[in-house]
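Sequence lines set the chain letters: A, B, ... in the order given, protein chains first and strands last, and positions in each chain run from 1.
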Protein chains: 2
Amino acid sequence: MIQLTPKQEEIKLREQRILDVARSVLIQHGYHGLSMERIAAKVEYSKGTIYNHFANKEEIIVALAIETVGRRLEMFKQAAQFRGASRFRMLAIGQAAEKFVRDYADFFTLEQILQLPSVRQKISQQRQHEINSIEVRCMDIVAGIVRDAVAAEDLVLGPDVTPEKLVFGIWSLTSGGFAIAARSGTLPHLGLDNPFELVHHHTAALMDGFGWAPKSSEYDSNKLNQKIHCEVLSNE
Amino acid sequence: MIQLTPKQEEIKLREQRILDVARSVLIQHGYHGLSMERIAAKVEYSKGTIYNHFANKEEIIVALAIETVGRRLEMFKQAAQFRGASRFRMLAIGQAAEKFVRDYADFFTLEQILQLPSVRQKISQQRQHEINSIEVRCMDIVAGIVRDAVAAEDLVLGPDVTPEKLVFGIWSLTSGGFAIAARSGTLPHLGLDNPFELVHHHTAALMDGFGWAPKSSEYDSNKLNQKIHCEVLSNE
DNA sequence: GCTTTTTCTGACGCTTGGTCAAGAATCCTG
DNA sequence: CAGGATTCTTGACCAAGCGTCAGAAAAAGC
């Protein structure tokens with residue numbers, strides 16, 4: 001297993017090429033435009049060969065999704081390293097989440113498709129598990145910051161409020177907001193021209209509601225965001 | 001147009017039957033299980049006849065979605081009539097939203113499918129517009145409550161915070177939370193066994209964060225929810 | 001160089017979305 | 001109510017796409 005024959009090397013490279021092609025087709029032509037025939041034509045191999053790599057279309061989609069959420073995990077890890085008060089570290093996570101949805105606009109498409117039960121039940125346990133585990137690790141990073149906040153007494157959780165429950169709220173607000181922003185064309189029409197800023201604003205209000213120090217009135221979020229970008233989000 | 005021939009009457013009835021059958025197939029067999037052939041077989045008409053009613057599969061799906069969000073609009077209208085402080089009326093909307101996702105579990109499936117760009121671009125302007133308008137009217141009801149809250153001085157909005165912006169936050173949190181709850185099987189695993197209650201809790205925190213009186217510590221939400229159910233959510 | 005193993009191919013079967021010409025039912029009018 | 005005009009219904013048909021697999025081609029082993 002350690003030594004790969006040239007052939008095996010080639011196969012491994014091809015797998016990545018298939019994914020790259022699939023992603024570009026998905027972005028350009030959407031879910032219905034993504035056909036095995038089309039992928040095969042673009043990578044210049046026959047359909048059968050593609051099926052040697054991925055048992056079906058859904059496996060390709062989930063493989064793409066794994067790549068994408070993996071990238072998010074990396075971004076979250078980096079954001080969590082921001083040095084500062086617990087609340088500011090959470091802000092850094094928020095910034096990372098925003099950068100993520102900006103950089104990987106196809107993420108929502110992928111997620112939507114994967115949520116369809118008919119799609120979900122066709123993918124292998126193994127990949128199912130893999131994507132789940134990445135998701136959980138993302139969650140864990142965020143929950144860790146909440147735990148740190150409690151430890152540092154920046155935040156006092158009520159009885160039977162666990163860090164995970166708090167994360168659920170922040171996560172819901174953020175992902176819900178981004179999802180609405182990503183799909184709805186009617187937002188500007190309602191005077192909601194900058195959904196990202198709105199999500200930040202609401203996250204701040206939510207944290208204020210939980211009494212997470214320091215309150216939003218006590219720091220300059222614009223400056224802080226700039227600092228976050230410089231220190232943990234710019235790709236060196 | 002006023003007088004329908006017996007034949008026209010029959011056709012109209014059939015249209016509803018097609019939708020009913022389609023909905024049941026969708027619930028039982030998911031998106032991929034929903035085929036025109038299957039619908040045709042179940043309503044005992046030929047495929048061609050189904051195509052006389054709906055130009056394609058997507059039109060059936062959007063018609064189902066219109067029925068469903070129409071039902072939500074009704075529930076919101078009713079909830080908004082709750083008599084009480086502005087914040088309690090907003091709570092009533094929250095209760096309605098919860099009842100809605102409980103009663104129409106297929107809603108998320110429908111919404112997911114409709115959000116796929118490849119699906120969206122196949123449906124008629126007219127139906128696109130129709131579903132959009134219902135969505136906006138829902139929004140309006142909620143924004144109306146916020147405006148009432150401002151008028152009653154229960155709530156003071158910061159500079160350049162419009163009622164719509166506030167609604168965006170509440171909507172994001174609620175829809176995001178419900179969406180996560182609807183699809184993720186890993187929630188109980190993390191100790192998050194009652195996502196609906198969690199969403200309430202977080203909505204309350206968000207309102208607290210905006211200083212919407214009365215604060216969550218000043219009323220008994222359980223009692224209030226019961227009252228809401230009796231007065232505006234039980235079906236007469 | 002020859003055999004064995006692995007990999008690649010594209011024709012094939014099958015399902016499904018969508019069309020349409022021809023036949024059936026319904027409506028309309030004298 | 002007859003019979004022509006209109007509208008509706010049907011199912012064969014086409015195209016497209018998923019997934020398979022026997023045989024061809026290439027690589028590996030000896």
Side-chain angles (χ1 to χ4, degrees), chain A residues 1-18 21-22 25-26 28-64 113 116 118-124 127, chain B residues 1-18 21-22 25-26 28-64 113-114 116-124 127:
Chain A
M1 257 304 175
I2 284 165
Q3 196 65 313
L4 294 172
T5 68
K7 187 69 194 175
Q8 287 172 314
E9 195 74 34
E10 184 200 326
I11 290 175
K12 205 170 172 187
L13 280 178
R14 187 170 54 210
E15 188 145 322
Q16 190 56 52
R17 253 191 62 220
I18 293 173
V21 164
V25 172
L26 189 71
Q28 274 179 51
H29 303 281
Y31 179 48
H32 279 132
L34 182 73
S35 79
M36 296 305 256
E37 258 97 359
R38 197 170 210 155
I39 294 171
K42 278 218 178 184
V43 295
E44 291 183 306
Y45 277 91
S46 77
K47 211 166 32 150
T49 301
I50 312 293
Y51 275 96
N52 272 2
H53 290 271
F54 301 95
N56 50 47
K57 204 167 123 170
E58 285 71 25
E59 288 280 314
I60 291 186
I61 288 171
V62 73
L64 287 177
I113 297 168
L116 295 173
S118 43
V119 171
R120 194 126 203 165
Q121 75 191 57
K122 295 187 78 178
I123 68 187
S124 71
R127 279 216 168 83
Chain B
M1 257 305 174
I2 285 164
Q3 195 65 316
L4 294 173
T5 69
K7 186 70 195 176
Q8 286 172 316
E9 195 74 32
E10 184 201 324
I11 290 175
K12 205 170 172 185
L13 280 178
R14 187 172 52 211
E15 187 145 323
Q16 189 55 54
R17 253 191 63 220
I18 293 173
V21 164
V25 171
L26 188 71
Q28 275 179 51
H29 304 281
Y31 178 49
H32 279 131
L34 182 73
S35 80
M36 296 306 256
E37 257 99 0
R38 197 169 210 158
I39 294 171
K42 278 219 180 184
V43 296
E44 291 183 307
Y45 277 91
S46 77
K47 211 167 34 151
T49 300
I50 311 292
Y51 275 97
N52 271 2
H53 289 271
F54 300 96
N56 50 46
K57 204 167 125 172
E58 284 71 26
E59 288 279 315
I60 292 185
I61 288 171
V62 72
L64 287 178
I113 298 169
L114 277 182
L116 295 173
S118 44
V119 171
R120 194 127 203 166
Q121 76 193 52
K122 293 186 78 175
I123 68 187
S124 70
R127 280 217 166 82

Detail all sub-3.5 Å separations between protein N/O atoms and N/O atoms belonging to nucleotides 25-27 of chain D.
none

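Among residues two or more places apart in sequence or in another chain, the side-chain contact (heavy atoms from CB on, under 4.5 Å) test is passed with B:Arg17 by B:Val43, B:Tyr45. Residues passing the side-chain contact (heavy atoms from CB on, under 4.5 Å) test with A:Ser124, sequence neighbours excluded: A:Glu59, A:Gln126, A:Arg127. Partners of A:His32 according to the side-chain contact (heavy atoms from CB on, under 4.5 Å) rule, which considers only residues two or more places apart in sequence or in another chain, are B:Tyr31, B:Glu58, B:Ser118, B:Val119. Applying the salt bridge (Lys or Arg N to Asp or Glu O under 4.0 Å) test to B:Lys42 and every residue at least two apart in sequence or in another chain returns nothing. With sequence neighbours excluded, the residues that form a side-chain contact (heavy atoms from CB on, under 4.5 Å) with B:Tyr51 are B:Met36, B:Lys47. B:Glu15 is linked by a salt bridge (Lys or Arg N to Asp or Glu O under 4.0 Å) to nothing, counting only residues two or more places apart in sequence or in another chain. Qualifying salt bridge (Lys or Arg N to Asp or Glu O under 4.0 Å) partners for B:Lys57, counting only residues two or more places apart in sequence or in other chains: none.
The phosphate of D:dC8 has neither OP1 nor OP2 within less than 4.0 Å of any side-chain N or O from B:Arg14. Contact annotation: B:Ser46 does not reach the phosphate of D:dG11 (side-chain N/O to OP1 or OP2, under 4.0 Å).
In this structure, the OH atom of A:Tyr45 is 13 Å from the P atom of C:dT7, given to the nearest Å. The CG-C1' distance, from B:Asn52 to C:dT19, rounds to 11 Å in whole Å. Between B:Ile11 atom CD1 and D:dT6 atom P there is a gap of 17 Å when expressed in whole angstrom units. Put simply, CD1 on B:Ile50 is 13 Å from C1' on C:dG17, counting in whole angstrom units. In this structure, the CD1 atom of B:Ile39 is 12 Å from the P atom of C:dT16, given to the nearest Å. B:Lys12 places its NZ atom 18 Å from the C1' atom of D:dC8, with the value rounded to the nearest Å. Distance B:Ile60 CD1 to C:dG17 C1': 11 Å, rounded to the nearest Å.
The distance from the NE2 atom of B:His53 to the CD1 atom of B:Ile18 is 4.0 Å, given to the nearest 0.5 Å. Distance check, rounded to the nearest 0.5 Å: CD1 of B:Ile123 to CD1 of B:Ile61 gives 9.5 Å.
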* **Per-nucleotide protein contact string for nucleotides 12-21 of chain D, where B marks a base within reach and S marks sugar-phosphate only (heavy atoms under 4.0 Å, - for neither)** => -----SBBB-
